[in-house]
Asks: 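Take this structure, written in structure tokens, and hold onto it; I'll ask about it next.
Predicted model, so just to flag it, every value in this text is computed and none were measured. Sequence positions, counted from 1, serve as the residue numbers for this chain.
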Amino acid sequence: TVTLRDGEKDIVLVGNASGADEFFVKTSEGPQIFLVKNFDIERLARRPIQFRNKLLCRLSDADVDEMAVTNGVDSYRLIKDGTAWRATFPRGLRVDPEKVAAFSSIFRDWRAPRIAEDPPAELGGAPMVVITGRGRKGSCTVAALALSKRDDAYFAKAPPSQEIFLLPRWMIDRVAVPLKQIRRP
């Protein structure tokens, strides 16, 4: 049910699934039945917690001067040197500027797709991966705490928010790469 500003209510009735990816749907007033894709129904049928703010970071690519990834032996720190990036950690790492040029874009209006509704209690340990960006207009840190057993996603935190988010693995894995992938040949 959606209530409009003038008080009018529109009601949509969602029926059974018609197959793998569609549902039967109709309005409360009309007799016509529509087939609606599953992803559209999922967008409407969210639990209230999913309407909370899911913003992780808001740093423009141009404002990011430094970024770091803490990921065990594949940890690194980059600083912007003019228009190119260079590594300050680990010592002696020479990065291929073309391979790391897009990394700073991760911080631009980075949002989580979902909030974890029942995160495991054992998430209090050391994070698996920590991604940090710093710049003239602020800083941002996202900590991937653990992998979800049900989803191909990380449980993650992004202070100052107290929420535990579910981030698809690709969101973290696109910058938490093995050093050999960013090393200059």
Side-chain angles (χ1 to χ4, degrees), residues 21 37-40 42-43 46 49-117 119 123 125-185:
D21 68 340
K37 292 290 185 186
N38 184 34
F39 65 85
D40 285 325
E42 287 175 353
R43 286 182 9 196
R46 290 189 210 168
I49 190 173
Q50 298 306 329
F51 289 102
R52 293 182 188 167
N53 185 1
K54 297 183 198 97
L55 182 68
L56 305 174
C57 294
R58 180 173 278 150
L59 290 176
S60 161
D61 314 22
D63 293 330
V64 178
D65 296 325
E66 178 183 340
M67 62 177 292
V69 175
T70 304
N71 186 21
V73 297
D74 290 316
S75 298
Y76 62 89
R77 185 178 312 111
L78 304 174
I79 61 167
K80 194 180 279 184
D81 193 5
T83 58
W85 291 91
R86 70 175 173 85
T88 61
F89 179 84
R91 192 172 174 184
L93 174 64
R94 294 182 55 210
V95 296
D96 184 334
E98 290 180 21
K99 292 180 180 175
V100 298
F103 284 4
S104 63
S105 69
I106 192 174
F107 302 106
R108 180 185 343 120
D109 289 324
W110 189 5
R111 295 181 189 280
R114 291 188 304 169
I115 294 173
E117 295 190 35
L123 292 178
M128 296 176 71
V129 178
V130 177
I131 300 170
T132 303
R134 289 186 182 85
R136 296 176 294 280
K137 296 187 179 178
S139 66
C140 173
T141 299
V142 174
L145 306 172
L147 282 169
S148 168
K149 291 182 172 81
R150 290 181 304 191
D151 306 296
D152 193 24
Y154 286 100
F155 291 105
K157 284 196 81 140
S161 175
Q162 296 301 309
E163 301 286 3
I164 302 290
F165 301 100
L166 271 171
L167 300 181
R169 283 183 72 157
W170 66 265
M171 281 188 170
I172 299 295
D173 293 350
R174 66 182 170 169
V175 294
V177 296
L179 293 179
K180 65 183 178 185
Q181 287 185 11
I182 60 173
R183 188 167 283 149
R184 182 181 291 178

Asks: Working to the nearest 0.5 Å, report the span between CZ of Arg134 and CZ of Phe107.
Replies: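 Interatomic distance, Arg134 CZ to Phe107 CZ, rounded to 0.5 Å: 9.5 Å.
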Asks: What residues form a salt bridge (charged side-chain N to carboxylate O under 4.0 Å, His left out) with Arg114, not counting sequence neighbours?
Replies: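 With sequence neighbours excluded, Arg114 shows a salt bridge (charged side-chain N to carboxylate O under 4.0 Å, His left out) to Asp151, given in chain and number order.
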Asks: Quick check: does any side chain N or O of Asp74 sit under 3.5 Å from a backbone N or O of Leu179, one acting as donor and the other as acceptor?
Replies: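 Indeed, once roles are kept as given, a pair shorter than 3.5 Å links the two residues.
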Asks: Side chain to side chain contact (heavy atoms under 4.5 Å, CB included) with Met128: which residues, sequence neighbours excluded?
Replies: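 With neighbours one apart ignored, the set is Leu147, Tyr154.
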Asks: Got a sec, which residues hit side chain to side chain contact (heavy atoms under 4.5 Å, CB included) with Asp63, two or more places apart in sequence or on another chain?
Replies: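 Applying side chain to side chain contact (heavy atoms under 4.5 Å, CB included) to Asp63 gives Ser60, Arg136, Lys137.
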Asks: Let me confirm one number: the CH2-CG distance from Trp170 to Asp152, rounded to the nearest 0.5 Å.
Replies: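 The CH2 atom of Trp170 sits 12.0 Å away from the CG atom of Asp152.
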Asks: When rounded to the nearest 0.5 angstrom, what distance separates CZ in Arg77 from OG1 in Thr70?
Replies: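 If I round to the nearest 0.5 Å, the distance is 8.0 Å.
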Asks: Any heavy-atom pair between the side chains of Arg184 and Pro97 that's under 4.5 Å?
Replies: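 A side-chain contact exists here, since the closest heavy-atom pair is under 4.5 Å.
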Asks: Under the side chain to side chain contact (heavy atoms under 4.5 Å, CB included) rule, what do Val129 and Val142 come out as? Steps first, then yes or no, please.
Replies: CA-CA 8 Å; Val129 178; Val142 174; over 6 Å; no
Asks: Rounded at 0.5 Å granularity, tell me how far CZ in Phe89 sits from CG in Leu78.
Replies: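 That separation rounds to 11.5 Å.
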Asks: Just verifying a value: how many Å separate Phe165 CZ and Phe155 CZ, rounded to the nearest 0.5 Å?
Replies: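 Output value for this atom pair is 13.5 Å.
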Asks: May I ask you to decide whether Asp21 forms a salt bridge with Lys37, counting only side-chain N to carboxylate O separations under 4.0 Å?
Replies: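 The answer is yes: the pair qualifies as a salt bridge.
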Asks: Got a second to check how far Asn71's CG is from Ile131's CD1, nearest 0.5 Å?
Replies: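 That separation rounds to 8.5 Å.
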Asks: In this structure, are over 12 heavy atoms from other groups packed under 6.0 Å from Arg111 atom CZ?
Replies: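 Yes, CZ of Arg111 has more than 12 neighbouring heavy atoms, counting only those of other groups under 6.0 Å.
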Asks: Does any pair with a residue in residues 140-185 pass disulfide bond (SG atoms under 2.5 Å apart), and if so which ones, sequence neighbours excluded?
Replies: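 Found Cys57-Cys140.
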Asks: With a 4.5 Å heavy-atom cut-off, do Trp110 and Met171 have their side chains touching?
Replies: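 Side chain of Trp110 against side chain of Met171, heavy atoms only: contact under 4.5 Å found.
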Asks: Apply side chain to side chain contact (heavy atoms under 4.5 Å, CB included) to the pair Met67 and Trp85, showing each step before the final yes or no.
Replies: CA-CA 10 Å; Met67 62 177 292; Trp85 291 91; 4.2 Å; yes
Asks: Side chains of Pro90 and Ser75, heavy atoms from C-beta outward: is any pair under 4.5 Å?
Replies: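 No, their side chains stay 4.5 Å or more apart.
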Asks: Which residues pass the side chain to side chain contact (heavy atoms under 4.5 Å, CB included) test with Lys157, sequence neighbours left out?
Replies: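 Side chain to side chain contact (heavy atoms under 4.5 Å, CB included) check on Lys157 returns Leu145, Gln162, Ile164.
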Asks: Considering non-hydrogen atoms only, spot the tightest contact between Val130 and Thr132 and give its length.
Replies: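 Here Val130 and Thr132 meet closest at CG1-OG1, 3.9 Å.
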Asks: The test is side chain to side chain contact (heavy atoms under 4.5 Å, CB included); show your working for Ile79 and Asp65 and say whether it passes.
Replies: CA-CA 6 Å; Ile79 61 167; Asp65 296 325; over 6 Å; no
Asks: Kindly indicate, with the supporting measurements, whether the criterion side chain to side chain contact (heavy atoms under 4.5 Å, CB included) is fulfilled by Thr88 and Tyr76.
Replies: CA-CA 8 Å; Thr88 61; Tyr76 62 89; over 6 Å; no
Asks: Minimum heavy-atom separation for Gly133 to Leu59, with atom names?
Replies: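 Minimum heavy-atom separation between Gly133 and Leu59: O-CD1, 3.7 Å.
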Asks: Identify every side-chain donor-acceptor pair in residues 49-56 under 3.5 Å, counting partners at least two apart or on other chains, and give the distances.
Replies:
residue, atom, partner, partner atom, Å
Gln50, OE1, Ile115, N, 2.8
Gln50, NE2, Ile115, O, 2.8
Gln50, NE2, Glu117, OE2, 3.1
Arg52, NH1, Glu163, OE1, 3.3
Arg52, NH1, Glu163, OE2, 2.9
Asn53, OD1, Leu55, N, 2.8
Lys54, NZ, Gln50, O, 2.3

Asks: Side-chain contact test, heavy atoms from C-beta onward, threshold under 4.5 Å: evaluate it for Asp40 versus Asn38 and give yes or no.
Replies: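 The answer is no; the side chains never approach within 4.5 Å.
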Asks: Could you check whether any side-chain N or O of Ser105 sits under 3.5 Å from a backbone N or O of Ala102, counting only pairs where one atom can act as donor and the other as acceptor?
Replies: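 Checked: pair present.
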